[in-house]
Amino acid sequence: MPEGHTLHRLADELRTTYVGRAVTSSSPQGRFAAEAARIDGHVLDGAEAWGKHLFVSFADVPEQAHVHLGLYGTFVISPGVDRPVVGQVRWRLEAGSTADLRGANTCELLTPPEVDARIARLGPDPLRADADPDRAWHRIHRSTTPIAALLMDQAVLGGVGNVYRAEVLFRNEVAPMTAGRRVTHKRWNAMWADLVDLMRDGVRTGRIDTVRPEHEPEAMGRPPRADDHGGEVYVYRREGQACLVCGMPVRRRVLAGRNLFWCPTCQHRG
DNA sequence: ATTCTATGTCGAA
DNA sequence: TCGACCTAGAATA
């Protein structure tokens, strides 16, 4: 479930579990074997997320491990060591606990300049205290690209994925195909503040929950739903189902190769 | 047994 | 805009 909150949560978990400890590093699957061996036995001294990218550093190893989970990668930490390898484990870290990386789009060692270059290509990340929303605004307010596409562009904003994109547009009543230049500065600031709240909540809970209390099914006199993607949402993957606010069927279209979900009635603003 | 799908990104056409 | 790629579980046959 990799949007930015997943990576920040993972960085926190890696620090808590391993910082200051010498780790065993291996690549059971083999595709990260030479790199894993360079790390083996070194003390993990940092883990940090920038958008959907994770960087892990080790004492006396100049390079950092750079991980991107892609669409379906996972990095799962379990108690204990010497656990049986299940499936394709690209990278395994062990020190009291075992962290198994599977299905990652990217797992590589980068030199410090390469790390800096990778981070420099990312827009501001709502989960980072040093993020500047005006950097994103600068790109948005001069663009003819739909705001729904701009939100997904990692050079505009770091860490927002398909769920947060759909949900922040709904919560701010913004029509997804509105050109960036038609979005007001005030509305952008509200969307940014909303992303900060939603994504921080996501880091805390490990889920994406965006439904306000007054729209919870119980509050609306309906039975609770069980979304299968780890959270309660207004529109994401709810095509054809009734909007939780107005009851109109939620719509779907493909935009830039990704499914976009929205309520045509509630989302009317630019 | 095979196909499909997924909260992502890149590069070729 | 499209296919390729990383993997596993669900859906379909």
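Keep in mind that the numbers below use all heavy atoms, side chains included, and drop hydrogens, waters and symmetry copies. Chain naming here is simple, since letters A, B, ... match the order of the sequence lines and numbering starts at 1 in each.
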Touch class at under 4.0 angstrom, heavy-atom based, for Gly87(A) against every strand present: sugar-phosphate
Gln88(A): partners by side chain to side chain donor-acceptor pair (under 3.5 Å), with sequence neighbours left out: none
Side chain to side chain donor-acceptor pair (under 3.5 Å) partners of Asn259(A), counting only residues at least two apart: Arg252(A)
Salt bridge (charged side-chain N to carboxylate O under 4.0 Å, His left out) partners of residues 98-108 of chain A, not counting sequence neighbours, each pair once: Arg92(A)-Asp100(A), Asp100(A)-Arg102(A)
Sequence neighbours excluded - salt bridge (charged side-chain N to carboxylate O under 4.0 Å, His left out) pairs with any residue from residues 183-200 of chain A: Arg171(A)-Asp194(A)
Shared-cluster residues of Val89(A), by chain and number - hydrophobic side chains joined below 4.5 Å: Val85(A)
How long is the line joining [atom1] of [X] and [atom2] of [N], in whole Å?
X	N	atom1	atom2	value
Asp100(A)	dA8(C)	CG	C1'	14 Å
Leu10(A)	dT7(B)	CG	C1'	15 Å
Arg90(A)	dC5(C)	CZ	C1'	10 Å
Glu232(A)	dT7(B)	CD	C1'	16 Å
Gln88(A)	dA8(C)	CD	P	6 Å
Met199(A)	dT7(B)	CE	P	15 Å
Trp91(A)	dT7(C)	CH2	C1'	19 Å
Tyr164(A)	dA6(B)	OH	P	19 Å

Residue pairs involving residues 260-270 of chain A (criterion side chain to side chain donor-acceptor pair (under 3.5 Å); sequence neighbours excluded): Glu173(A)-Arg269(A)
How far does the [atom1] atom of [N] sit from the matching atom of [M], given to the nearest Å?
N	M	atom1	answer
dT5(B)	dA13(C)	P	12 Å
dT7(B)	dA11(C)	P	16 Å
dA13(B)	dC5(C)	P	14 Å

N/O (side chain, Tyr236(A)) to phosphate O (OP1/OP2, dT7(B)) under 4.0 Å: yes
Residue list, side chain to side chain contact (heavy atoms under 4.5 Å, CB included) with Asp130(A), at least two apart or on another chain: Trp50(A), Arg128(A)
Which pairs of donor and acceptor atoms, one on a side chain in residues 137-151 of chain A, lie under 3.5 Å apart (sequence neighbours left out)?
from, atom 1, to, atom 2, distance (Å)
His138(A), NE2, Arg142(A), NH2, 3.3
His141(A), ND1, Trp137(A), O, 3.3
His141(A), ND1, His138(A), O, 3.4
Arg142(A), NE, His138(A), O, 3.3
Ser143(A), OG, Thr145(A), N, 3.0
Ser143(A), OG, Thr145(A), OG1, 3.3

List, with names and distances, any nitrogen or oxygen atoms from the protein found under 3.5 Å away from nitrogen or oxygen atoms belonging to nucleotides 8-10 of chain B.
from, atom 1, to, atom 2, distance (Å)
dG8(B), OP1, Lys52(A), NZ, 2.7
dG8(B), OP2, Asn162(A), N, 3.2
dG8(B), OP2, Arg258(A), NH1, 2.9
dG8(B), OP2, Arg258(A), NH2, 2.7
dG8(B), O4', Gly70(A), O, 3.4
dG8(B), O4', Leu71(A), N, 3.3
dG8(B), N2, Asn105(A), OD1, 3.1
dG8(B), N2, Asn105(A), ND2, 3.3
dT9(B), OP1, His68(A), NE2, 3.3
dT9(B), OP2, Lys52(A), NZ, 3.1
dC10(B), OP1, Arg118(A), NH1, 3.1

Listing, residues 55-62 of chain A side-chain donor-acceptor contacts under 3.5 Å, not counting sequence neighbours, or none:
from, atom 1, to, atom 2, distance (Å)
Ser57(A), OG, Asp45(A), OD1, 2.7
Ser57(A), OG, Gly46(A), N, 3.4

Short side-chain donor-acceptor distance under 3.5 Å, Thr210(A) and Glu167(A): yes
Distance-only donor-acceptor check, side chains Thr111(A) and Glu114(A), under 3.5 Å: yes
DNA chain C contacts among residues 166-182 of chain A, heavy-atom distance under 4.0 Å: none
Sort me out a list of protein N/O and nucleotides 11-13 of chain B N/O pairs below 3.5 Å, or just none if empty.
none

Shared hydrophobic cluster for Leu157(A) and Leu54(A) (ILVMFWY, side-chain gaps under 4.5 Å): no
